Amino acid sequence: MPIVFSNVFHCYNPKSPYSFNALNDINMTIDEGKFIAIVGRTGSGKTTLVQHMNALLKPTQGKVEINGYVNSSNKKERTKKIGGLRQEVGMVFQFPEYQLFEETVLKDVAFGPKNFGATKEEAEEAAKAAMARVGLDESFYERSPFQLSGGEKRKVAIAGILAMNPKILVVDEPTAGLDPQASKDTMNLFKEILASGTTIILVSHDMDIVSEYADEVIVMENGKVAKQCTPEELFGVSLSEYSLDNPHTYKFAEELRKKGLNIPTTSLKNVDELAKAIKENIHG
Amino acid sequence: MASFALGKYIPYKTPIHRMDPRVKVLGMIFLMVAVFFSYSTFSMTFSVMGAIALFIIVIMIISKTSFLKLLRSLKSLWFMIIFLLIIYVVVPKNDVTEMHVAFAIKGYNFYWESFLDAARILLRLVLMIGLSMVLTATTSPLDLTYALEWYMTPLKVIGFPAHIIAMTISLALRFIPTILEDVNRIMKAQTSRGVDFEHGGFGKKIKAIISLIIPLFVSAFIRSDELANAMECRGYDPNGKRTKYRKMHFKWSDALALVVVAAILGGCIYMKVINFDLFNILLGEGAVL
C-alpha cells in the first residue's frame with residue numbers, strides 16, 4: 001500500500017505569535033517497497049512530514065492515507081483507532097537512544113511488541129530476532145541500556161522498532177553522531193531490511209548516503225515538496241538552492257570529466273562504482 | 001503543551017510589554033494586596049473589587065492577554081473552587097453579627113453571607129490568576145529574573161547571594177521550555193512504540209508515565225552536566241562581578257504606572273482604615289442593603 005498525502009497543511013501553534021506553517025499543501029504518493037530519501041535544509045519540514053505518516057501529528061488541513069488508515073484533519077474521515085498504524089509504520093527518531101528506559105536491553109526491545117498486544121514470550125522472541133538483525137548478541141540481553149556506548153544504544157533503539165515488524169520504517173537522521181564504520185553498518189542494516197520487503201523512508205542531509213542507497217528522493221523546501229525524482233535526476237542540477245551539496249562521487253567524476261576522462265557522473269552510486277568506471281575508461 | 005497557559009511569555013509589542021520589569025513586579029504585588037482587602041460591608045467590598053477587576057481587565061486588553069487562557073486555567077482549578085464553595089457555604093462564619101438566612105434544610109440554616117463570602121474568595125482567586133498571567137505573559141523570564149535580582153540586591157549587604165539565586169532561577173526558567181520539548185519528543189518516541197498516554201487503566205498509565213519519566217531524568221542530568229561544563233569553560237565564577245548586556249530603563253511612563261497602582265493601593269488602605277462606606281453616605285445613616 002502506498003502512502004498518499006492529499007493537500008496536507010500543518011501549522012504549529014496556530015492563532016498565536018509563535019504560529020508557524022511547517023507544511024504547505026503537500027500532495028504526493030510514496031510507493032511501496034522502495035528506499036525513499038527525504039532531503040532539504042533544516043526547518044524545511046522533513047521531520048514534520050514524516051511524523052504525519054504514523055499519526056504522531058494530525059494535519060491542520062488535508063489527509064494522509066497509509067495502509068487503509070486515514071490520518072485526516074476531518075474527524076469523520078479520520079480512522080478511529082489510529083494507534084494500530086504505529087505498528088505498521090515504525091519510526092526511529094533522531095538520537096533514538098534517549099528513549100531507552102527499561103532495566104535490561106531485552107526488556108526495552110520487547111517493549112514495543114508488548115504494547116501492541118504480544119504476549120511476553122512472543123515479545124521476547126521478536127526482541128531476540130530484532131537484536132540479531134542489528135548485530136547485538138546474547139551477551140547484551142541482560143545488560144542495562146544505560147551502560148552501553150552511544151552506537152550500541154542506537155542499535156538497541158533501532159531494534160526496539162524492528163521488533164514490532166513494521167511494514168514501513170521511517171528513520172530520521174539515523175547516522176547523526178555515529179563514526180563512519182557505525183554509520184555504514186547502520187545503512188547496510190536498512191538495506192537488508194529493504195530487501196526483506198519493508199519500505200524505508202530516510203530523512204538525511206548526507207547526499208553520499210542518498211546517492212548510494214536511495215531509489216527515490218523527495219526534496220523539501222519551505223514546507224513544500226520541491227522535487228520528487230531519482231537521485232540521478234537530482235544530482236547535477238543546482239542543488240545549492242536547497243542548501244544541498246552533490247555527493248562526493250559526483251564531484252570527483254565531474255572533475256575527471258573536465259580532465260578529459262569519459263565517465264558517467266550521476267549514475268555512480270558509491271566509490272566502488274566510481275573506481276570501476278575509471279578502470280574501464282583507462283583500460284577500455 | 002497548550003495547557004501550560006499560565007506562565008508562558010507571549011512576545012507581543014504592547015505598552016505593558018515595554019514596561020520596566022521592576023515596575024511590573026512591584027505593581028503586581030500592590031494590586032494583589034489591594035485585591036486582598038475586605039471592607040465594612042459586602043456591597044463596599046464587591047464595589048471596590050469590581051473596580052479593581054475593571055482595571056485588571058483593561059490591562060489585560062492592552063497587553064493582549066487572552067481571557068480564554070484565564071478561563072482555561074480556572075478549569076484546571078475547578079476542584080479547588082468547588083471545595084472552597086462547599087466549605088464556605090456549609091460552615092458559616094460567626095464573626096458577622098447580622099446573618100440573613102437564605103434557606104434551611106432540615107433545620108440547618110444556610111446564610112446569604114456565606115454565599116457572598118464564597119463569591120468574594122472566588123473573585124479574589126480569578127483576579128490573582130489574571131494578574132500573574134499578565135506579568136508572566138508580558139515579561140520574558142530573563143527580564144523577570146533581572147527584576148528579582150534587582151530587588152534582592154540590598155540583601156547583599158548581609159551576605160545574601162542575590163546573584164547566585166537569580167542565576168539559579170534564570171537557569172530553571174530557561175530549562176522549562178527545553179524540558180517541555182524533551183517531554184514532547186520522548187512522548188512521541190514512546191507513542192511510536194505503542195504507548196498510549198491518553199487512554200488505558202491505572203496500571204497502563206503508570207507504565208506509560210515511567211517510560212516518559214526515566215528518559216526525561218536521564219536527559220535532564222546529561223543537559224545539566226553539559227551546561228555546567230559549558231559555563232565552566234566560559235569562565236563562569238558565581239562570585240565574580242559582572243556587567244549586564246541588557247540594562248533596565250526606568251521611564252516616565254513607568255513612574256506614571258507606578259503612581260497609578262500605588263494610588264489604588266493607597267486608596268484601598270485608606271478606605272479600609274477609616275471603615276469607609278460609600279453606600280451609607282449616599283443612602284443615609286442606617287440604610288440596610
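Only a predicted model underlies this, so the values are computations on that prediction, with no experimental measurement involved. A, B, ... follow the sequence lines: proteins, then strands. Residue 1 opens every chain.
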Output the distance between atom [atom1] ([X]) and atom [atom2] ([Y]), rounded to the nearest 0.5 Å.
X      : Y      : atom1 : atom2 : result
A/F101 : B/I213 : CZ    : CD1   : 12.0 Å
A/L56  : B/M187 : CG    : CE    : 10.5 Å
B/S192 : A/M53  : OG    : CE    : 13.0 Å

Using non-hydrogen atoms and a 4.5 Å limit, figure out which bit of [X] sits close to chain B: side chain, backbone, both or neither.
X      : result
A/L85  : neither
A/E97  : neither
A/Q99  : both
A/M164 : side chain
A/F93  : side chain

Looking at [X], I'd like to know if its [atom1] atom is crowded, meaning that more than 12 non-hydrogen atoms belonging to other residues, nucleotides or ligands lie closer than 6.0 Å.
X      : atom1 : value
A/K191 : NZ    : no
B/M80  : CE    : no
A/E173 : CD    : yes

Legend entry - Toward chain A, the part of B/V218 with a non-hydrogen atom under 4.5 Å: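 For B/V218, the side chain is the part near chain A, not the backbone.
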Inset, instruction - Would you mind checking which part of B/F217 comes under 4.5 Å of any heavy atom in chain A, side chain (CB onward), backbone (N, CA, C, O), both or neither? - result: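 The answer is neither part of B/F217.
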Inset, instruction - Using a 4.5 Å cut-off on heavy atoms from C-beta on, say whether the side chain of A/Y98 contacts that of B/D182. - result: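 Of all side-chain heavy-atom pairs linking A/Y98 with B/D182, none is under 4.5 Å.
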Legend entry - Heavy-atom check, side chain of B/K188 versus side chain of A/L57, under 4.5 Å: yes
Legend entry - SB check A/D108 B/R193 (cutoff 4.0 Å):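 Here A/D108 pairs with B/R193 in a salt bridge, since their nearest N and O are under 4.0 Å apart.
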Inset, instruction - Flag the one option from B/I222, B/I210, B/T191 with the top tally of heavy-atom pairs under 4.5 Å to chain A. - result: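 Result: the option with the highest number of such pairs is B/T191.
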